[in-house]
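A quick write-up on the structure given underneath.
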Amino acid sequence: TRSTRPQRLLRAVQKKAIKGDPQSVISTIDYFCRHSEWAMNVGDEKGAILDSVVCEVSPSTALELGTYCGYSTVRIARLLPPGTKLITLEFNPDYAAVARQIIEYSGLQDKICLVEGASGDLIPKMQELFGIKTFDFVFLDHWKDRYLPDIKLLEECQLLRKGSILLADNVICPGTPDYLEYVRNSPRYESKYFKSHLEYTKVEDGLEKSVFLG
Ligand SMILES: O=C(NCCCOCn1ccc2cnccc21)c1cc(-c2ccc(F)cc2)cc(O)c1O
Ligand SMILES: [Mg+2]
């Protein structure tokens, strides 16, 4: 049967990128998505904002909700100090299988733990599975209607601490209106919008950065 888009993206990485060079993996995916097939990676424009926030936070513990093909996983992990761990959750086993290969090709597998499953089931198990007390940084990029319930779950599970940073993709397109309303109006968050564009397009989108105030 016909290959899937993630499989074609993986083939491009294996053909064009330099093994063990995360930047070449990132550039290859961006080129493929601009010139061959659009795919829902955070992309180069929003990716630069993601990079600047990761560098500013320099997290010891980081969580990504929504791995897809591993593009943002590689973007984040390449900036993490040695000895830090990025936990990334993916619901779709086919996406996870491609992401594992792209992560391995980038050479960053020692900094990344990819877990397959639903955020609602896995978040309450973070302490027992990984010995995580709190997350310094959370990147939200999964089902847009799960952003709000999942940060409430992170709060309930005491996985956020004073100063934890949440960075949410797609707050305009596809959009996460209930999440935006919550983080922008709750006294427990200080929120800021970074205007950008939907990956590889001219459509408006942006990232919302929210600090948990405890
Ligand atoms: O849908 C998107 N992402 C989500 C994937 C499933 O995630 C499911 N998923 C992944 C872990 C995980 C854990 N628990 C539950 C569900 C969980 C997504 C969609 C678009 C987009 C924009 C315009 C269009 F015309 C069409 C699509 C852009 C993006 O940047 C996105 O991120
Ligand atoms: Mg996204």
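Both ligands and their constituent atoms are indexed starting at 1 by order of listing.
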Within 4.0 Å of atom 22 (C) of ligand 1 (strictly less), any protein heavy atom? yes

Does the protein place a non-hydrogen atom closer than 4.0 angstrom to atom 25 (F) of ligand 1? no

Whether the side chain of Q127 engages the backbone of C157 through a donor-acceptor N/O pair (distance < 3.5 Å, no angle test) should be reported. yes

Short list, please: which atoms of ligand 1 are under 4.0 Å from a heavy atom of [X]?
X	result
A118	14 (N)
G117	13 (C), 14 (N)
G66	10 (C), 11 (C)

Under 3.5 Å, N or O to N or O, is K144 touching ligand 1 that way? yes

Nitrogen or oxygen atoms of D141 and ligand 1 under 3.5 Å apart: yes

What distance do L108 atom CG and R75 atom CZ have between them, rounded to the nearest 0.5 Å? 12.5 Å

Between the Mg ion (ligand 2) and D141, which N, O or S atom of the residue is the nearest one? OD1

What protein heavy atom sits nearest [atom], and how far off is it?
atom	value
atom 31 (C) of ligand 1	N170 OD1, 3.3 Å
atom 5 (C) of ligand 1	M40 CE, 3.7 Å
atom 14 (N) of ligand 1	S119 N, 2.8 Å
atom 17 (C) of ligand 1	F91 CB, 3.5 Å
atom 9 (N) of ligand 1	H142 CB, 3.6 Å
atom 28 (C) of ligand 1	E199 OE2, 3.2 Å

side-chain contact (heavy atoms from CB on, under 4.5 Å) between V211 and Y189, worked out: CA-CA 5 Å; V211 186; Y189 292 91; over 6 Å; no

Heavy-atom side-chain contact between L160 and L166 under 4.5 Å: yes

Between R161 and D136 (salt bridge meaning N to carboxylate O under 4.0 Å), is one present in this structure? yes

Is a salt bridge present between K192 and E208, judged by a nitrogen-to-oxygen distance below 4.0 Å? no

Test side-chain contact (heavy atoms from CB on, under 4.5 Å) on L65 and R146; report intermediate values, then the result. CA-CA 10 Å; L65 303 175; R146 284 298 313 179; over 6 Å; no

Nearest non-hydrogen contact to atom 11 (C) of ligand 1 from the set N92, L89, D169 belongs to L89

Ligand 1 versus [X], non-hydrogen atoms closer than 4.0 Å: side chain, backbone, both, neither?
X	result
L198	side chain
N41	neither
W38	side chain

State yes or no: do F212 and V53 share one hydrophobic cluster built from I, L, V, M, F, W and Y residues joined by side-chain heavy-atom distances below 4.5 Å, directly or via other members? no

Apply side-chain contact (heavy atoms from CB on, under 4.5 Å) to L9 and I29, showing your working. CA-CA 7 Å; L9 195 150; I29 293 172; 3.6 Å; yes

For R146, is the nearest heavy atom under 4.0 Å from an atom of ligand 1? no

Step by step, work out the side-chain hydrogen bond (donor to acceptor under 3.5 Å, both in side chains) result for Q158 and T134. CA-CA 7 Å; Q158 307 196 330; T134 57; over 6 Å; no

Please assess M126 against L89 for the test side-chain contact (heavy atoms from CB on, under 4.5 Å), listing each intermediate value before the final yes or no. CA-CA 11 Å; M126 283 294 140; L89 307 189; 3.8 Å; yes

So, 2.8 Å as the limit: is an N/O/S atom of D169 located closer than that to the Mg ion (ligand 2)? yes

At less than 2.8 Å, would any N/O/S atom of Y68, backbone or side chain, sit next to the Mg ion (ligand 2)? no

Tell me whether the rings of H35 and Y31 are parallel (<30°), tilted (30 to 60°) or perpendicular (>60°). tilted

Taking the six-membered ring for Trp, is the centroid-to-centroid distance between H142 and Y68 below 6.0 Å? no

